[in-house]
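Below is one structure, written out as structure tokens; comments come after it.
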Amino acid sequence: MTILITGANRGIGKGLADEWREAGEHVIGTARSEPGMEVLDVADPASVTALGERLENQPISTLVCNAGILLDRHEQLEGGYPPELWAEHFQVNVTGVFLTIQALLPNLRLALAGGGSPKIAIISSKLGSQAYAGGGRYIYRASKAAALNLGRNLAVDLREQGIAVGIYHPGWVATDMGGSDAEVSVEQSVDGLRRQIDRLTLAETGCFKAWDGKDMAF
């Protein structure tokens, strides 16, 4: 089984890569610039296309779209949230996810043709759920809501092709993004996410789950 993880150079992405490798899986980690990893800048369409070309004819059984940014935590409603910040977030957290999936669909289909059960995991956030509206971080929330919507609709279109799609909330995790006050350790989140992704099948495609397996409200 070959697993590809975007943003695998730190935090949750690195933790998932390490755990799957320890379990004996072949993992391809990507990052914008990191020795030993496939180069991928999800915000650059040319970089995404180049990755797909380099991995041509390589079956991928699990694609984890983990790369993401959160840059608007300190913005103020009055005068903050500039347009360029909106564009940057959506380019990484939404468009980058879609383009990566689009570029690697042939690889997932190869895994299916080889008798596998290919799947896509999109790391979103409960902050993208309408049920957890708490104000603030408007750009991040909107981008993660879009990622959730993207995953739900991809699940509909890819079901007939035999490719499952799951969307996941990793928890408020103590990473560079989550901060030191976070409620969940990287180890807890990673262990839980890996279990949820490993269990994903077509029977629950389109699911939105937390790292600990709880069903999340859309």
- prompt: Would you say Glu84 has more than 12 foreign heavy atoms packed within less than 6.0 Å of its CD?
  reply: yes

task: Name all residues meeting the salt bridge (Lys or Arg N to Asp or Glu O under 4.0 Å) criterion together with Glu38; count only those two or more places apart in sequence or in a different chain, and write none if there are none.
output: Arg54

Residues which pass side-chain hydrogen bond (donor to acceptor under 3.5 Å, both in side chains) with Arg195, listed by chain and number, not counting sequence neighbours: Asp191

query: Side chains of Cys65 and Ile123: does their closest heavy-atom pair fall under 4.5 Å?
result: no

- request: Would you check if Tyr138 and Leu77 make a side-chain contact, meaning some heavy-atom pair closer than 4.5 Å?
  value: yes

- request: Kindly assign one of parallel, tilted or perpendicular to the pair Trp86 and Tyr81, based on the angle between their ring planes and the thresholds 30° and 60°.
  value: tilted

Test item: Val42 and Asn93 side chains (from C-beta on) under 4.5 Å apart, heavy atoms: no

- prompt: Hey, are the side chains of Trp172 and Val184 touching, using non-hydrogen atoms and a 4.5 Å cut-off?
  reply: no

- prompt: Do any N or O atoms from the side chain of Asn107 and from the backbone of Gln58 form a donor-acceptor pair under 3.5 angstrom?
  reply: yes

message: Ignoring hydrogens and geometry beyond distance, is a side-chain donor-acceptor pair present between Ser47 and Asp41 at under 3.5 Å?
response: no

message: Can you confirm whether Lys14 is buried at NZ, in the sense that more than 12 heavy atoms of other residues, nucleotides or ligands lie under 6.0 Å from that atom?
response: no

Residues forming a side-chain hydrogen bond (donor to acceptor under 3.5 Å, both in side chains) with Gln91, sequence neighbours excluded: none

field: Heavy-atom side-chain contact between Leu40 and Arg32 under 4.5 Å
entry: no

query: Have Asn149 and Asn153 got a donor and an acceptor in their side chains that come within less than 3.5 Å?
result: yes

message: Can you tell me which residue among Thr62, Val64, Ile3 is in a side chain to side chain contact (heavy atoms under 4.5 Å, CB included) with Lys119?
response: Thr62

